[in-house]
There are 2 protein chains.
Amino acid sequence: MTSSPAAPDPAPHAVGARGDLFDPLCPTRRLLDRIGTKWTSMVVKVLAEADPAEVRFAELRRRMPGVSQKMLSATLQSLARDGLVARRVEPTVPPRVHYRLTPLGLSLDAPLAAVRAWAEQHMPEIDRANRAADESAADRNDEQ
Amino acid sequence: MTSSPAAPDPAPHAVGARGDLFDPLCPTRRLLDRIGTKWTSMVVKVLAEADPAEVRFAELRRRMPGVSQKMLSATLQSLARDGLVARRVEPTVPPRVHYRLTPLGLSLDAPLAAVRAWAEQHMPEIDRANRAADESAADRNDEQ
DNA sequence: CGGAATCCTTTTTGATACTG
DNA sequence: CAGTATCAAAAAGGATTCCG
């Protein structure tokens, strides 16, 4: 991925690694680099569906089985930097940190939901295609 | 990414690296792992917009500045395996290979177009948010 | 509690060279 | 032309430890 959500990007405005020699780093690519980031779109989904819109870190983690706190933290920072989630810290003695989607983040949920819907509808077909491809490969190995 | 589109995946049906101990590897995640793959969604876009629906490898490459032929090849293989693109080989002496979207692949373009549209509409906001975040960071460094 | 920092491993990507 | 193979670099991800 071009932009790194995990690392606090030392040179935030240096768009391409070696500069934008080629494509103008189209917004779509940049966005997909972000939402492709393993946990990003899940955070958006979970927050979009959260009923009290604000969710605490630990609770968020509980709702996303498999995230390490490092990745969740990095993902949330990245989303906050992008203005998609808002962070609120209660200055209590063990601090309580709440996250929620901004209006911008919420608006992203719509197109993502479309992708989700497509995935749920068509992944079986993709799986079938994969099995078919595997079989053909096996056939080619058998034919002698 | 969980599934590797570049490498011909030695164990195609082993969904999770350590098994699906947690989430059932929801279809959405699996799909996003694929379309997050740097070039996948661009191939879908380019092929969806191609007027003769079929495009040759070299032409495809020309339309996607920055792809290495290795990655384009890997991406196309992955998409073909998933049943999203069809491959047609003319058995001429230098072979001509054409790619086109399958109906399934074409149907994926719709949700992806929604994401693209969102990106083009809102990336300026995201950029603004990033600049704001950078400034705050700079401020925090200046205050002594 | 919510992280930040560090270390280490796996995956991904790109350059380059070679082939049917 | 359309790849494959190989190698090296980089990025992502996870585990662990430490801190306010």
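In what follows, every chain begins at residue 1, and chains take the letters A, B, ... in the order their sequences are listed.
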| field | Below 4.0 Å: OP1/OP2 of dG3(C) and any side-chain N or O of Tyr99(A) | value | yes
| note | Taking dA2(D), dG3(C), dT4(D) as options, the one with an atom nearest any side-chain atom of Phe57(B) is dA2(D)
| task | Using only side-chain N and O atoms of Lys70(A), determine if any of them is under 4.0 Å from OP1 or OP2 of dC7(C). | result | no
| request: Return the value, rounded to whole Å, for the distance between atom CD of Gln77(A) and atom C1' of dA5(C). | output: 12 Å
| field | Closest listed nucleotide, where the reference is the side chain of Arg56(A) and the choices are dA4(C), dG2(C), dT13(C) | value | dG2(C)
| Where the side chain of Trp39(A) is concerned, which of dG14(D), dG3(D), dG14(C) is the nearest nucleotide? | dG14(D)
| note | Rounded to whole Å, the CZ-C1' distance (Arg61(B) to dC1(D)) equals 12 Å
| query | Is any NZ, NE, NH1 or NH2 atom of the basic residue among Arg128(B) and Asp82(A) found under 4.0 Å from an Asp or Glu carboxylate oxygen of the other? | reply | no
| task | Examine dA2(D): is either OP1 or OP2 under 4.0 Å from a nitrogen or oxygen in the side chain of Arg96(B)? Give yes or no. | result | no
| Can you check the Arg34(B) CZ to dT12(C) P distance for me, whole Å? | 12 Å
| Side-chain donor/acceptor contact of Gln69(B) with base of dT4(D) under 3.5 Å | yes
| Atom CG of Leu72(A) and atom C1' of dA12(D): how far apart are they, to the nearest Å? | 16 Å
| remark: Judged by nearest nucleotide, the residue sitting upstream toward the 5' end of DNA chain D, Glu59(B) or Ser68(A), is Glu59(B)
| field | Listed nucleotide nearest any side-chain atom of Pro95(A), set dG3(D), dG20(D), dG14(C) | value | dG20(D)
| message | Within the structure provided, determine whether Val46(B) and Met64(B) are in side-chain contact (heavy-atom separation under 4.5 Å). | response | yes
| said: Does a side-chain N or O of Thr92(B) approach OP1 or OP2 of dC1(D) to a distance below 4.0 Å, or not? | reply: no
| Phosphate contact (dG3(C) OP1 or OP2) by Arg87(A) side-chain N/O below 4.0 Å | yes
| task | Run the salt-bridge test on Lys38(A) and Asp33(B) with the 4.0 Å N-O cut-off and return the result as yes or no. | result | no
| Integer-rounded Å distance: dG3(D) P and Arg88(B) CZ | 13 Å
| task | Give the nucleotide from the list dA2(D), dT4(D), dC1(C) with an atom nearest to the side chain of Pro94(A). | result | dC1(C)
| request: Measure from the side chain of Lys38(B), starting at C-beta and using heavy atoms only, and say which of dG3(C), dA2(D), dG14(C) lies closest. | output: dG14(C)
| field | Gap between atoms CE and P, on Met71(B) and dA8(D) respectively (whole Å) | value | 19 Å
| Heavy-atom side-chain contact between Ile126(B) and Leu104(A) under 4.5 Å | yes
| request: Using a strict cut-off of less than 4.0 Å between a Lys/Arg side-chain nitrogen and an Asp/Glu carboxylate oxygen, indicate whether Glu59(A) and Arg63(A) qualify as a salt bridge. | output: yes
| request: Specify the separation, in whole Å, of atom CE of Met42(A) and atom C1' of dG13(D). | output: 15 Å
